[in-house]
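Heads up: the structure comes next, in structure tokens.
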Amino acid sequence: MQTEFANDQIRHRYEELQTLESRGIEPFPYSYDRTHSSQQILATFRDDDPSSLADVSIAGRIMAIRRMGKATFFHIQDAEGKIQCYIKADELPEQYEILRLLDLGDIVGVRGFVFRTRTGEVTVHCQQLHLLCKSLRPLPVVKEERDEHGNVIVHDAFSDKEQRYRRRYIDLIVNPHVRETFIVRSRMITAIRRYFDSRGWLEVETPILQPLYGGASARPFTTYLNALDMPLYLRIADELYLKRLIVGGFEGVYEISKNFRNEGIDRMHNPEFTALEIYVAYRDYHWMMDMTEDLLATVTAEVRGQSSLLRADGSEIPLQRPFRRVRLLDAIAESVGQPINGCSEQELAMLCKRFDVELPPSPSRAKMIDELFSKLVQPQLVEPTFVTDYPVEMSPLAKRHRSEPSLVERFELFIGGMEIANAFSELNDPRDQRQRFEEQARLRAGGDDEAMVLDEDFLMALEIGMPPTAGLGIGIDRLAMLMTGAASIRDVILFPLMRPEPPHRPLEE
RNA sequence: GACCCCGUAGCUCAGUGGUAGAGCAUCUGACUUUUAAUCAGAGGGCCGCAGGUUCGAUCCCUGCCGGGGUCACCA
């Protein structure tokens with residue numbers, strides 16, 4: 001095997017690897033039995049009774065080494081944190097020689113007894129040292145210091161965003177808050193599942209590869225199925241399949257799904273993202289608002305241990321129930337200082353002009369309302385706010401408002417200026433649904449390539465009959481941002497989409 | 001897609017029209033309770049890529065590649 005070395009550090013590690021093997025050390029052994037995690041030791045050590053930790057085995061990655069001649073301190077890091085280890089040459093002469101060949105980043109097993117050093121740190125006194133994996137590339141070296149107030153000062157943090165996203169494994173090793181972010185994300189999803197499961201709603205899986213895409217307004221990714229010689233789309237939403245399941249007789253179904261939208265990438269958008277959708281039979285959007293409030297309050301309390309969310313600037317957003325509820329047109333009216341309800345298209349256009357809201361040529365009423373809202377209202381919606389009752393043209397899958405036929409029974413939840421959730425009383429009248437699809441077809445014919453596609457089978461399902469149903473979608477990534485105070489959706493997605501790197505230039509020997 | 005900013009050692013960054021510097025990391029030596037360990041010494045760079053201007057470019061200009069941000073698009 002020909003190995004090319006990018007630099008002296010890598011070359012040196014390969015040389016150490018050879019030396020270790022020549023001394024009969026297996027650099028990549030198969031397993032190691034641990035008795036404790038780092039945190040179990042730190043949490044249970046008692047100065048008045050160290051005997052309970054007189055023989056422990058731990059394993060982890062070497063994150064710091066302080067060699068002092070015939071004694072060495074090093075920190076190893078496992079999934080829960082770091083712990084210091086101590087090894088003396090005169091006690092373990094052979095293994096001390098091995099330690100000379102180890103580096104930052106190597107993974108080792110340490111067996112020994114636990115004590116407290118003179119400077120007060122609980123430490124494992126090494127009596128056996130095992131190499132568990134030789135690391136052949138240098139890790140970014142991040143050092144930490146504690147000031148007199150106990151605050152951790154991080155020196156030279158691995159901060160280059162491109163490298164952090166491309167090499168998430170390194171990011172996770174050297175930036176503890178990153179690991180914490182993804183643990184919080186996972187706990188959040190677990191808490192949501194628990195909430196739904198405990199109410200008897202069924203988690204299901206619906207197609208990612210779809211012959212027709214629907215359930216949202218977005219450009220899809222297209223692919224091709226050779227076996228059936230047909231184009232397929234990656235789902236932009238799972239809404240139409242989940243409603244078919246309500247038709248089928250399930251009374252509560254949910255799915256946590258990866259969706260794919262062929263649109264721009266920015267702090268709030270990744271081409272693939274995680275959505276939660278849930279549909280509950282015999283309920284309407286009023287019920288769904290209450291449920292959403294309860295869900296978020298429950299999950300937030302469970303995940304964060306407090307009833308507030310976190311913004312990227314460090315400020316907290318209290319989750320006080322009930323959340324504010326405001327009708328869309330009222331919210332706009334409040335911002336522009338005049339009622340919107342009876343506005344003609346011309347009056348709306350003048351309002352847009354007055355507030356510097358940019359519009360496409362010949363915009364519809366709904367488009368102008370949407371633009372006014374996005375520009376003037378949405379950025380102000382920091383504390384949780386349900387915005388309700390949207391124009392029917394903007395919501396082709398939502399049921400008409402029971403008392404305002406030009407509106408639909410829909411709400412969106414905004415927190416921190418972000419749209420977090422979207423929900424309707426679901427349209428279950430197949431006649432109205434067909435009309436709405438036909439309207440979408442007209443928009444599509446007029447050049448709107450994000451208008452929805454008519455789905456005959458979905459209409460057939462509605463003709464079979466769907467009970468009154470409330471549906472809800474939640475942007476899981478954005479909710480995770482609020483749980484962790486992340487500034488970008490990329491900070492809550494383990495492997496965000498990146499352009500491929502240019503190939504590494506091969507190095508001559 | 002448009003505009004702005006960025007790309008220098010493994011990491012974090014300085015810097016100059018005369019082909020580079022720091023801290024940490026690495027290497028050699030000293031050190032048996034250290035913790036940003038310390039002390040002495042050393043090595044390490046196609047300064048993102050390509051072209052142009054210039055006697056001379058890492059620096060100025062253009063294009064490209066990659067990243068970040070703002071906007072547009074979009075939830």
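Labels below follow one simple rule: chain letters A, B, ... track the order of the sequence lines, proteins then strands, and each chain is numbered from 1.
Sorted by first and then second residue, the pairs that involve residues 52-63 of chain A and meet side chain to side chain donor-acceptor pair (under 3.5 Å), not counting sequence neighbours, are A:D55-A:R111. Evaluation of the ring-ring contact (aromatic ring centres under 6.0 Å, His included) test over residues 126-172 of chain A, restricted to residues two or more places apart or in two chains, returns A:Y32-A:H130.
Across all strands shown, A:Q84 has heavy atoms under 4.0 Å from base atoms, whether or not it also approaches the sugar-phosphate.
Taking a 4.0 Å limit (strictly below) on heavy-atom distances, residues 368-397 of chain A reaches RNA chain B at A:K375, A:Q378. Contacts between residues 63-79 of chain A and RNA chain B, counted as heavy-atom distances below 4.0 Å, involve A:R66, A:R67, A:M68, A:G69, A:K70, A:A71, A:F73, A:H75.
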Produce the list of close N/O pairs, under 3.5 Å, pairing protein atoms with atoms of nucleotides 39-42 of chain B; give distances to one decimal.
none

What pairs of nitrogen or oxygen atoms, one from the protein and one from nucleotides 7-9 of chain B, lie under 3.5 Å apart?
none

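Using atom P as the reference point in both B:G18 and B:C13, the two lie 25 Å apart (nearest Å).
Taking the side chain to side chain contact (heavy atoms under 4.5 Å, CB included) definition, one finds that A:F221 meets it with A:L234, A:F260, A:N262, A:P271, sequence neighbours left out. Take A:F182 and apply the ring-ring contact (aromatic ring centres under 6.0 Å, His included) test, not counting sequence neighbours, and it matches no residue. Taking A:S51 as the reference, A:D49 meet the side chain to side chain donor-acceptor pair (under 3.5 Å) condition, with sequence neighbours excluded. For A:E450, the side chain to side chain donor-acceptor pair (under 3.5 Å) partners two or more places apart in sequence, or in a different chain, are A:R219.
Proximity of A:R166 to the phosphate of B:G66: no side-chain N or O atom is located under 4.0 Å from OP1 or OP2.
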Only distances under 3.5 Å count here; give the side-chain donor-acceptor pairs of residues 379-390 of chain A to other protein atoms, sequence neighbours excluded, each with its distance to 0.1 Å.
unit_1: A:T385; atom_1: OG1; unit_2: A:E383; atom_2: O; d: 2.8
unit_1: A:D389; atom_1: OD1; unit_2: A:Y285; atom_2: OH; d: 2.6
unit_1: A:Y390; atom_1: OH; unit_2: A:E412; atom_2: OE1; d: 2.8

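Listed for the A:Y96 side chain is a donor-acceptor partner under 3.5 Å among the backbone atoms of A:A71.
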So what does the secondary structure string of RNA chain B come out as, 5' to 3', with Watson-Crick or wobble pairs under 3.5 angstrom, [ ] for crossing and | for pairs with another strand? (((((((..((((....[..)))).(((((.......))))).....(((((..]....))))))))))))....
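Minimum atom distance to the side chain of A:K143 is reached by B:A25, of the listed B:A25, B:C27, B:U32.
Note that CZ of A:F113 is 12.0 Å distant from CG of A:L53, once rounded to the nearest 0.5 Å.
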